[in-house]
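First comes the structure, then the notes that go with it.
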Amino acid sequence: MKPSNARSRITSGALRVALVYAVFAGLWILLSDRVMGFLFLDPRALVQASMLKGWFFVAVTTLLLYVLVRRLVAKLSAAHRRERVEVEEKERAQQLLTAIVKSSNDAIFAKDEQGRYLLVNDAAARYMGHSAEVFLGQDDGAVFPAEQATLIRGIDQRVLVSGQTETNEERLDTALGERVFLATKGPLRDAQGGIQGTFGISRDITERTAAKQLLVESEARYRSLFENMNTGFVLFEVVLDGQGAPQDLVILAANQGFADVTGLDLVTVCGQRLTHVVPGIEADAADWIGTYGRVALTGEPRQFEQGSERLGCYFSVSAFRAGERQCAVTFLDITGRRKTEQALHDSEERLRLALAAASQGLYDLNLQTGEATVSPEYAAMLGYDPAEFRESLDSWRERLHPDDRAPVLTTLDDYLAGRLPSYHVEFRLRTREGRWKWILSLGQIEQRCADGKPLRMLGTHTDIDPLKSAEATLRDINATLEARVAARTAELSVANRELETFAYAVSHDLRAPLRALSGYSQALQEDFGDTLPAPAKAYLNRIHQAATKMGELIEGILALSQSTQGELRHDRVDISALARQRLGQLAEETGRVLQVEIEEGLVVNGDERMLSSALTNLLDNAWKYTGATASPSIRVHACEAHGLRGFSVSDNGAGFDMQHADRLFQPFQRLHREDQFPGIGVGLATVQRIVQRHGGEITAHAVPGQGARFCIVLP
């Protein structure tokens, strides 16, 4: 109870007592005399009665005053006791509050309306770096940096204006370093409820904030790992049937790896049953639902590899219980690995079959221990049972033929020491039956120690007994074949010389009568042409043309026979220069103007006389077959075929049908009529023989009416 209230209650109590006494005294005076007048008529009796009345009044008023005063005193005593109890309670509360404020680890403070500190507890003082008394009457500008002080004043101002309590996170620079506080601030009110400042409680949550941030980062990392790991992950909840057996699986969560492997959309499958999103999965021979259901119900983890007919994939699976009726599954698509393993198995099987078919065995030699691991074919080719055969470097040395042992061991030592680049040796080994078998041994060092010393050598043994027998037979054949070849070569030389003599004799012997036939027919026409009838003149013209044609054929035969005769020289032949020279001659002889393009730097190696003849034939043909072309052009340029380089002659002339290309290089074969393009058909045959003499190749390509291209490549 407040002192002002106590004083007012005492005053009002005294007034009530005086008022009761005044009322009683007034009524006594007014009524008692009248009653005495009615009761006592005798004056003496009235005086005595009045005296008694007076004493009675004193007694009654004394008793009344006693009762009233006692009641007032009792009330005042009760009020005083209550006031003392309230004061004591306030003192205890104040002491308790002071103890709480002083002992609290939270910073507790109070400020006036101007932001000056009215109260600072020890915890707040520790963060401020001085005793609490130093900061009383100071504002936040004396404690914190200007930017932080402005932020705090802003929060305080909002509280003063709104009258509402606020809770905020504040990051402040304190005497203990940068700290994060969870600050609750509210209005500080007076007895009448008016706001006279602010109070606040700030809890240091730096460690909690850091832990929370670490947790957020950890969750982010694990979420990123969950979303981005190559391994698929899915969390299932088991659906049971009436007998408590797994009936279906509900997809609770899955990552992108699950979507990539299954091709399912994560947004649509989460929350759905597996049988709905993958129809037919319940009939898959892998029994995914039953397997995962048992893991979820029994808690026994499973790790296995299993293929899925429904998904067409093979998985490496790890499944474990993640909660009540829940199963977490990680899986990796190993379809590629399984295919590789199967391919490796197939390859090994093919290799085994190939080794068996080729009579070839493998060995893996440990150069430190001398022990060797060999394939079954290795043992079988020596007549041993592969299941019982054991190979070593020492036993191999013992089986070597005495004549082969020294050179073979020297070769092995030189290879292991690095003096030979490879190990390739033939030797004879003794078989189980005691006979000698020829072996071709190949090897390569596959493992070395840190100092370079060889540790392991892999290689093959090939049964070359049949090859050695064939070589012996071939040597016998070669011995007789060389004599036969020499004899045949001599015969061919004689035949070639006879053919040359025959060609020259035929051409020489035919020229004399041919010249006579041509000369006499021409003389007859000149001397008697005026008297001869028209049919006779026509016959003479035909005789003259036939003689001319026969002369050209004789010249062609000579050119064809001489084109590849003589020793083949190896000159540096400038094709570009030869082409310019021949095309210049043709332009002077015919007076024609053509578009000519000659690539510079076309140089080949060969016999210049023969190659010049071949180029001349090609250029003459190009010149001839562009005779009827409106805008004729000839190109001499580089070409390439079958990895060989050479030169090409192209034109835009008459061309030819590629269906008849097989006749191009046959002597005296022509693809155009005589009246279109004259000739005897030996030019391309001559070119082909020259190219073949050089070991080269000539190819042709043409389109009727669009020209032709001939490409010569030389080794």
Side-chain angles (χ1 to χ4, degrees), residues 229-231 303 305 316 332 334 336-432 434-465 467-468 471:
M229 64 181 181
N230 294 329
T231 305
Q303 188 169 3
E305 292 184 358
S316 175
L332 182 66
I334 59 171
R337 193 195 79 188
R338 293 287 296 191
K339 290 181 179 179
T340 301
E341 290 175 351
Q342 185 62 41
L344 180 60
H345 178 271
D346 295 342
S347 176
E348 290 175 346
E349 182 64 18
R350 287 193 297 269
L351 176 60
R352 187 189 65 79
L353 295 174
L355 291 175
S359 299
Q360 200 171 59
L362 301 178
Y363 67 85
D364 185 348
L365 175 61
N366 186 326
L367 294 171
Q368 289 185 309
T369 64
E371 298 297 321
T373 303
V374 299
S375 67
E377 293 77 16
Y378 183 104
M381 74 172 62
L382 298 176
Y384 291 95
D385 182 359
E388 300 177 355
F389 182 75
R390 296 292 180 270
E391 182 64 298
S392 67
L393 195 57
D394 292 338
S395 59
W396 170 74
R397 286 195 189 100
E398 291 298 322
R399 283 195 298 273
L400 279 171
H401 192 283
D403 296 341
D404 300 335
R405 186 173 298 146
V408 169
L409 294 179
T410 299
T411 301
L412 177 61
D413 291 340
D414 289 344
Y415 173 67
L416 295 179
R419 293 186 290 271
L420 287 178
S422 62
Y423 177 73
H424 181 286
V425 65
E426 296 178 0
F427 49 78
R428 286 162 288 183
L429 279 182
R430 186 177 61 252
T431 66
R432 184 178 183 181
R435 70 181 187 87
W436 297 106
K437 174 170 286 194
W438 276 100
I439 300 294
L440 169 62
S441 180
L442 304 177
Q444 182 173 340
I445 297 172
E446 289 295 327
Q447 187 177 359
R448 296 178 183 271
C449 59
D451 60 1
K453 183 180 179 181
L455 299 176
R456 183 184 177 201
M457 181 174 174
L458 301 181
T460 61
H461 273 191
T462 304
D463 182 356
I464 58 172
D465 248 6
L467 180 61
K468 285 295 183 178
E471 286 179 353

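Below, all heavy atoms of this structure are taken into account, side chains as well, without hydrogens, waters or symmetry copies.
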Are any of the side-chain heavy atoms of L416 and Y423 separated by less than 4.5 Å? no
If you apply the rule side chain to side chain contact (heavy atoms under 4.5 Å, CB included), what do you find for Q444 with L458, and how did you get there? CA-CA 6 Å; Q444 182 173 340; L458 301 181; 5.9 Å; no
Contact summary for Y415 and S422, nearest pair of heavy atoms: CD1-C, 3.5 Å
Tell me whether the rings of Y378 and H461 are parallel (<30°), tilted (30 to 60°) or perpendicular (>60°). parallel
If the plane angle is over 60° it's perpendicular, under 30° parallel, otherwise tilted; pick one for Y384 and F389. tilted
So CH2 of W396 and CD1 of I439: to nearest 0.5 Å the spacing works out to 11.5 Å
Can you tell me how far CG of N366 sits from OG of S392, rounded to the nearest 0.5 angstrom? 11.5 Å
Test side chain to side chain contact (heavy atoms under 4.5 Å, CB included) on R428 and D403; report intermediate values, then the result. CA-CA 9 Å; R428 286 162 288 183; D403 296 341; 3.8 Å; yes
Rounded to the nearest 0.5 Å, what separation is found between the SG atom of C449 and the CG atom of L455? 4.5 Å
Measure the shortest side-chain to side-chain distance between T460 and L362 over non-hydrogen atoms and say whether it is less than 4.5 angstrom. yes
Nearest heavy-atom contact between S395 and R390 is OG-O, 4.4 Å
In Å and rounded to the nearest 0.5 Å, what is the CZ to CG distance from R448 to L367? 9.5 Å
Tell me the closest heavy-atom pair linking K437 and M381, and the distance in Å. NZ-O, 2.8 Å
Any side-chain heavy atom of L393 sitting closer than 4.5 Å to one from M457? no
Nearest 0.5 Å please: distance from the CD atom of E446 over to the CG atom of L365. 12.0 Å
Ignoring hydrogens, what is the shortest heavy-atom contact between W436 and R399? Give both atom names and the distance. CZ3-O, 3.4 Å
Pair D394 + R397: basic N to acidic O under 4.0 Å: yes
Between the CG atom in L440 and the CZ atom in F427, the distance rounded to the nearest 0.5 Å is 8.5 Å
Are the side chains of H401 and V408 in touch, meaning some heavy atoms are under 4.5 Å apart? no
When every non-hydrogen atom of E398 is compared with those of R405, the smallest separation belongs to O-NH2, 3.6 Å
Please report the shortest heavy-atom distance between D413 and R419, naming the atom on each side. O-NH2, 3.8 Å
Are any of the side-chain heavy atoms of L400 and L409 separated by less than 4.5 Å? yes
